[in-house]
Amino acid sequence: MTGTRGPLPKPNALKLLEGNAGKRPLDLSAGINPRVEIPSPPAHLSKDAKKEWKRITPFLEELGLISGLDRSALALYCQAQGRLSELETAFNAQVARLVQDKGIDYPTAVYEASHAVTPSGYAQQSVIVQLIKSHRDQVNRLLMHFGLSPAARGRVQASNYVDPTLTL
């Protein structure tokens, strides 16, 4: 098993909001704090990926979790989400066709769309189901980078960028 052990440390901003129980001095300017902005979407994104980009970027901006540096990572997430949406739509259409053409019930159609029979007679998971699983796993991993799942929200830190041209 790979990855980090144990919980990630709490961000200093969160410690401050909770009352700084340890009473140690907190450096709120620690870390990299890029300017919060929505980067332009790459031209190669699919239609569904562009829809996800437009849906998610305002939320990320509001939370201070996006900058121009995140364009590539966000493009990976949006493209994977868009492809997952396309695969799910294709699978659902295949199930609907089986229900309509063969007159079978929905659960049987889902099973038939999910499996293929090998020449030796064994049931094997279909390619589309394998692709859906693969894209679900990829989307889930990419969601973590932006704190877009309940478990990941505590592990990301918003940028506390201060414009260097501002004077106090």
Side-chain angles (χ1 to χ4, degrees), residues 1-95 114 125-168:
M1 188 172 210
T2 61
T4 59
R5 291 183 158 194
L8 290 176
K10 274 188 188 175
N12 286 336
L14 185 57
K15 287 181 185 177
L16 182 65
L17 289 172
E18 291 176 345
N20 192 14
K23 305 297 182 214
R24 293 185 199 101
L26 299 174
D27 182 11
L28 296 176
S29 65
I32 299 172
N33 297 298
R35 178 181 31 225
V36 175
E37 64 180 341
I38 298 175
S40 60
H44 72 270
L45 293 181
S46 68
K47 185 177 99 173
D48 285 342
K50 287 178 184 174
K51 283 172 45 178
E52 180 63 9
W53 184 286
K54 288 178 184 174
R55 184 191 76 80
I56 200 69
T57 51
F59 294 119
L60 293 171
E61 182 182 40
E62 182 181 327
L63 296 170
L65 297 175
I66 190 170
S67 77
L69 298 172
D70 301 321
R71 183 175 190 244
S72 295
L74 188 59
L76 287 173
Y77 160 71
C78 290
Q79 192 67 18
Q81 176 61 36
R83 194 70 69 220
L84 176 60
S85 177
E86 292 166 358
L87 287 166
E88 292 280 5
T89 300
F91 180 78
N92 291 337
Q94 187 176 359
V95 170
S114 300
Q125 197 175 53
S126 70
V127 173
I128 194 165
V129 171
Q130 292 174 26
L131 288 170
I132 287 171
K133 181 187 181 311
S134 166
H135 279 80
R136 282 181 180 166
D137 292 343
Q138 183 180 14
V139 167
N140 188 42
R141 279 192 313 274
L142 291 165
L143 285 171
M144 300 290 188
H145 293 296
F146 291 100
L148 296 175
S149 72
R153 281 190 197 109
R155 294 179 176 235
V156 295
Q157 182 175 355
S159 176
N160 59 357
Y161 176 80
V162 178
D163 190 344
T165 60
L166 292 177
T167 56
L168 299 173

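If you read the sequence from its start, that first residue is 1, and numbering goes on from there.
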query = Restricting to pairs with a member in residues 60-74, which pass salt bridge (charged side-chain N to carboxylate O under 4.0 Å, His left out), not counting sequence neighbours?
reply = none
Taking C-beta and beyond as the side chain, do [X] and [Y] meet within less than 4.5 Å on heavy atoms?
{"X": "Cys78", "Y": "Glu52", "answer": "yes"}
{"X": "Trp53", "Y": "Ile38", "answer": "yes"}
{"X": "Leu74", "Y": "Ile56", "answer": "yes"}
{"X": "Tyr77", "Y": "Ser72", "answer": "no"}

note = d(Ser126 OG, Phe91 CZ) to nearest 0.5 Å is 6.5 Å
note = Here the gap from Ser67 atom OG to Arg35 atom CZ, rounded to the nearest 0.5 Å, amounts to 9.5 Å
message = Quick check against the 3.5 Å criterion: does Gln79 have a side-chain atom that pairs as donor or acceptor with the backbone of Ser46?
response = yes
Any donor-acceptor N/O pair, Ser85 side chain to Gln81 backbone, under 3.5 Å = no
For a quick test of your reading: what N or O donor-acceptor pairs under 3.5 Å do the side chains of residues 129-136 make, sequence neighbours left out?
from   : atom 1 : to     : atom 2 : distance (Å)
Gln130 : NE2    : Gln125 : O      : 3.0
Lys133 : NZ     : Asp137 : OD2    : 3.1
His135 : ND1    : Leu131 : O      : 3.0
Arg136 : NE     : Glu88  : OE2    : 3.2
Arg136 : NH2    : Glu88  : OE2    : 2.5

remark   = In terms of heavy-atom contacts, Pro39 and Gly68 come closest through CB-CA, 4.1 Å
key: Closest heavy-atom pair and its distance - Lys50, Pro42   = CE-O, 4.4 Å
query = Got a sec, which residues hit side-chain hydrogen bond (donor to acceptor under 3.5 Å, both in side chains) with Arg141, two or more places apart in sequence or on another chain?
reply = none
ask   = So Ile128 and Gln94, side-chain contact (heavy atoms from CB on, under 4.5 Å) or not? Walk me through it.
value = CA-CA 10 Å; Ile128 194 165; Gln94 187 176 359; 4.1 Å; yes
